[in-house]
Amino acid sequence: MAIENKFALVRVSNGAVLNGKTYGMFHLVTAQTDAQVEANGALDEHAGKFSEGTGDVIIAVMGVGGTVKGKIYVVARTGGDIALQPFEDETGA
């Protein structure tokens with residue numbers, strides 16, 4: 001599903017179920033940079049696709065058509081506000 005021709009975002013799977021709540025896995029592809037994707041409000045209009053709270057995951061491919069970068073994000077949803085937290089390994093990298 002296109003988001004103002006900026007992103008292609010689709011739920012690819014229902015993920016884990018914890019305490020009766022199902023978390024989702026999403027795939028995002030965009031020409032935008034990771035800074036643009038991570039900007040406050042970038043995904044807010046599609047908050048309804050994500051689970052309330054923290055736990056959904058986005059696999060993102062950004063910079064398509066230019067310098068491509070991939071990241072995995074944990075999604076935190078509070079009402080209509082979406083915040084993305086990049087995954088880090090145990091060293092914080």
Side-chain angles (χ1 to χ4, degrees):
M1 174 170 286
I3 302 175
E4 300 177 359
N5 296 321
K6 295 179 187 176
F7 308 108
L9 174 69
V10 65
R11 185 181 193 114
V12 294
S13 174
N14 285 331
V17 177
L18 179 65
N19 297 324
K21 183 176 177 182
T22 302
Y23 296 92
M25 296 183 66
F26 295 81
H27 183 215
L28 180 139
V29 178
T30 182
Q32 293 192 342
T33 66
D34 56 335
Q36 291 170 306
V37 170
E38 293 169 9
N40 187 29
L43 294 175
D44 287 358
E45 74 176 270
H46 292 277
K49 293 182 179 185
F50 300 104
S51 302
E52 185 70 25
T54 301
D56 289 334
V57 174
I58 295 176
I59 299 169
V61 179
M62 299 158 289
V64 173
T67 303
V68 177
K69 187 171 192 176
K71 282 190 177 181
I72 301 172
Y73 296 98
V74 174
V75 179
R77 174 183 168 209
T78 304
D81 184 55
I82 299 296
L84 300 179
Q85 174 63 47
F87 269 109
E88 296 179 353
D89 67 19
E90 61 277 1
T91 64

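With sequence neighbours excluded, no residue forms a salt bridge (charged side-chain N to carboxylate O under 4.0 Å, His left out) with K21. Residues meeting the salt bridge (charged side-chain N to carboxylate O under 4.0 Å, His left out) test with D56, sequence neighbours left out: none.
Residues I59 and V61 do not share a hydrophobic cluster, clusters being chains of Ile/Leu/Val/Met/Phe/Trp/Tyr side chains in contact below 4.5 Å. Residue L28 is not grouped with residue V64 when hydrophobic side chains (ILVMFWY) are merged at heavy-atom distances under 4.5 angstrom, including chains of intermediate members. Hydrophobic clustering of Ile, Leu, Val, Met, Phe, Trp and Tyr side chains at less than 4.5 Å, counting indirect connections, unites L9 with L84. Using a 4.5 Å cut-off between side-chain heavy atoms of Ile, Leu, Val, Met, Phe, Trp and Tyr, with links allowed through other members, I82 and M62 fall into the same hydrophobic cluster.
Considering all non-hydrogen atoms of both residues, A47 and G79 come closest at CB-O, 3.7 Å. Here the shortest heavy-atom pairing between V12 and H27 reads CG1-CB, 3.8 Å.
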Inset, instruction - Carefully, step by step, assess V37 and I58 under the rule side chain to side chain contact (heavy atoms under 4.5 Å, CB included). - result: CA-CA 11 Å; V37 170; I58 295 176; over 6 Å; no
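No side-chain heavy atom of Y73 sits less than 4.5 Å from a side-chain heavy atom of F26.
At distances below 3.5 Å, not a single donor-acceptor pair connects side-chain atoms of D44 with backbone N or O atoms of D81. Under the 3.5 Å distance criterion, the side-chain polar atoms of Q85 are left unmatched by any main-chain donor or acceptor of V75.
Applying the salt bridge (charged side-chain N to carboxylate O under 4.0 Å, His left out) test to residues at least two apart or on different chains, the pairs with a partner in residues 59-71 are D34-K69, D34-K71, E38-K71.
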